[in-house]
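Worksheet: one structure, shown below.
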Amino acid sequence: MIELAPKHKYGLPIQHPVMPAAGVFGFGNEYHDLIDETVLGAVVTNPVSLHARKAARGPRFMTHGDHFLVHTGLPNPGLKRVLKEHRATWARRSLPTIVHLIATTPPEVAQAAQLLSGIQGVAGLELGLDDGAEVEAACAFLEAAREGHHPILVRIPFGDIYPLAEALAECGADALTLTAPPRARLPLAPDTEHDTEGLLLAKGRLYGPALMPLLLHQLARWIPRLAVPVVACGGITTTDAARACLELGAAAVQIDAVMWKRPNLLTEIAKELSNE
Amino acid sequence: MIREQVAVFREARPEPPLWWVRFEVSVPPAAGRFMLADLAGPVRIPLFAAAIDPTGFAIMAPPGHPATHLLPGARVAMLGPLGKGFRIENQQRLLVITEAGRLPPLLPLLTSTATTTLVVEAATRARLPSLHRIPPTVELHTITHDGSAGHTGTLEQLLDADSPVRESLRWADCACFSCEPARYPALARSVRRARMHPSADFAQALIEVTMPCGAGACEVCRIQTRSGERRACSDGPVFDLLELDTDG
Ligand code: FES
């Protein structure tokens with residue numbers, strides 16, 4: 001048993017150290033036909049906000065070699081609708097569901113956290129901070145999320161481990177997810193139709209294998225300094241990579257968008273690690 | 001249900017300007033549904049069938065498409081068939097309307113009903129597809145923007161004018177479209193003008209957008225409809241055209 005929230009009164013125990021990252025696995029049973037969830041530690045939902053959000057305009061997906069940018073705008077139908085559609089699935093699951101909450105405003109996060117309290121199957125919240133969040137604002141979001149009863153993991157933006165990680169651990173985060181995918185940009189083909197001048201860039205979150213060595217670097221640097229469990233996330237595509245994260249002291253690993261290409265990878269890594 | 005299948009690549013041969021690529025698979029995708037194939041690249045690629053038979057399906061792919069680089073006998077992991085395809089059961093008179101470059105996923109429809117009319121639009125004659133994949137029983141209307149072949153103008157103009165294209169829309173039981181998605185609101189209004197009160201699914205439109213997961217998990221494929229955002233991969237990729245009239 002792995003305890004992701006040792007300081008929380010209910011704790012967040014998981015059986016296995018592998019779970020999908022927020023934004024890659026859907027809200028409920030999208031991968032039900034393909035994946036044996038019982039070998040996972042938990043399921044992290046897609047990002048959800050108190051109120052519905054629409055999809056981003058403009059390019060949402062661009063590849064660059066083995067890497068790709070995703071810019072969805074974190075669309076979701078709002079927490080009430082998500083609960084209506086998926087709470088039965090979460091309740092039926094034999095493993096914990098961790099709901100990923102988008103840090104919109106502290107009052108909205110507080111309301112969402114309260115709504116999620118007592119929802120069967122939900123064992124924790126993962127708070128997704130926007131890039132560039134200041135320490136004070138991040139702690140205010142954390143405080144708001146603690147209005148509910150659940151342990152709180154905070155997913156730290158890639159570029160903001162310093163100064164956020166230590167500060168959030170001190171502010172009472174039960175665990176930290178290191179990290180959200182980095183923000184990146186790629187040049188777009190010139191818009192000949194509208195005769196736009198200058199370089200046009202698509203922006204989004206970057207996924208791909210190059211994130212893994214960056215992740216290991218950050219884990220090696222930060223885990224010894226942090227007094228809370230760390231969940232490793234970013235570019236993990238092999239059991240060796242997952243194992244390296246755990247050996248560096250991560251309590252668990254999240255598998256990100258590689259799942260779309262190889263849905264079974266999640267359970268392959270989980271099974272291989274649990275056989276060791 | 002999402003099914004995993006292993007398809008076997010059988011052949012790829014040039015059919016300028018595209019390639020004809022055939023796979024064997026136990027459950028091929030019906031018209032408008034798709035397979036997500038694990039070919040080169042960091043995510044799977046949607047494949048729409050240009051021909052379907054009991055042992056597999058063929059696609060028409062542009063030069064350089066990763067499927068054209070496979071060696072005969074190569075095994076390709078596929079998810080699918082995925083999504084909702086064209087719903088044309090029990091229709092007698094089918095009208096198929098497409099931009100030339102978007103014809104391949106509609107080819108299986110041309111042999112599915114008793115009477116079929118095909119309307120193909122291209123910028124100029126050279127861009128029109130070769131006729132040999134079009135069954136001789138199909139009534140063909142071509143439209144070119146520059147008037148180099150067939151009717152002159154655009155689809156919208158021909159659908160709104162007193163033309164054989166509009167006439168075909170009047171008598172059809174069902175119309176299936178494959179166009180640039182940005183054109184669908186205007187095309188939906190043309191259909192309304194020609195048919196007054198078209199029934200649900202009278203006009204159906206294929207939306208081809210990027211679909212990295214195909215499972216409804218990534219939210220990349222969201223499109224706007226009259227009843228809110230929908231996922232192309234699981235709510236579509238074939239939608240009621242009138243639902244796509246988001247400007248109206
Ligand atoms: S392709 Fe991922 S949600 Fe549609």
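Per chain, numbering begins at 1; letters A, B, ... match sequence-line order. Everything numeric in this text was worked out from a predicted model, so none of it was measured.
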So, the part of A:His67 with a heavy atom under 4.5 Å from chain B: the answer is backbone
Thinking salt bridges, do B:Arg3 and A:Asp33 make one under a 4.0 Å N-O criterion? no
Smallest heavy-atom separation, A:Gln111 atom then A:Leu50 atom, equals OE1-CD2, 3.4 Å
Measuring heavy-atom distances to chain B, does A:Phe27 have an atom under 4.5 Å in its side chain, in its backbone, in both, or in neither? side chain
Do you see a donor-acceptor pair shorter than 3.5 Å between the side chains of A:Asp240 and A:Thr238? no
Quick one: what part of A:Val24 sits under 4.5 Å from any heavy atom of chain B, side chain, backbone, both or neither? backbone
Bottom line for A:Asp66: the part with an atom under 4.5 Å from chain B's heavy atoms is backbone
Can you see which heavy atom on A:Trp90 is nearest to which on A:Ile119, and at what distance? CE3-CG2, 4.2 Å
Within the 3.5 Å criterion, strictly below it, is a donor on A:Gln218 or A:Thr179 matched to an acceptor on the partner's side chain? no
What residue, out of A:Thr72, A:Thr63, A:Leu34, has the most heavy-atom pairs lying under 4.5 Å from chain B? A:Leu34
Note: B:Gly85 and B:Arg33 closest approach over all heavy atoms is N-CG, 3.5 Å
Under a 4.5 Å heavy-atom criterion, the part of residues 203-219 of chain B in contact with chain A comprises B:Thr210, B:Pro212, B:Cys213, B:Ala215, B:Gly216, B:Ala217, B:Cys218, B:Glu219
When the 4.5 angstrom heavy-atom criterion is applied to A:Tyr31 and chain B, the contacting part is side chain
Could you tell me which non-hydrogen atom of B:Leu241 sits nearest to which non-hydrogen atom of B:Ala188, and how far apart they are? O-CB, 3.6 Å
Would you call B:Asp240 and B:Arg226 a salt bridge, using N to O less than 4.0 angstrom? no
Pairs of heavy atoms under 4.5 Å with chain B: top-ranked of A:Gly26, A:Pro75, A:Ala52: A:Pro75
Taking the six-membered ring for Trp, are B:Phe34 and B:Phe48 parallel (under 30°), tilted (30 to 60°) or perpendicular (over 60°)? tilted
Mind listing the closest non-hydrogen atom pair of B:Arg222 and B:Glu229 along with its distance? NH1-OE1, 2.8 Å
Any salt bridge between B:Glu15 and B:Arg13, counting N to O under 4.0 Å? yes
Measuring heavy-atom distances to chain A, does B:Ile45 have an atom under 4.5 Å in its side chain, in its backbone, in both, or in neither? neither
Qualifying residue, where the test is side chain to side chain donor-acceptor pair (under 3.5 Å) with B:Glu121 and the options are B:His145, B:Arg102, B:His151: B:His145
Provide the closest heavy-atom pair for B:Arg183 versus B:Leu155 in the form atom of the first, atom of the second, distance. NH2-CB, 3.6 Å
Close contacts, residues 258-269 of chain A versus chain B, judged by heavy atoms under 4.5 Å: A:Trp260, A:Lys261, A:Arg262, A:Pro263, A:Asn264
Toward chain A, the part of B:Leu79 with a non-hydrogen atom under 4.5 Å: side chain
Can you establish whether the number of heavy atoms outside B:Arg193 located under 6.0 Å from its atom CZ is more than 12? yes
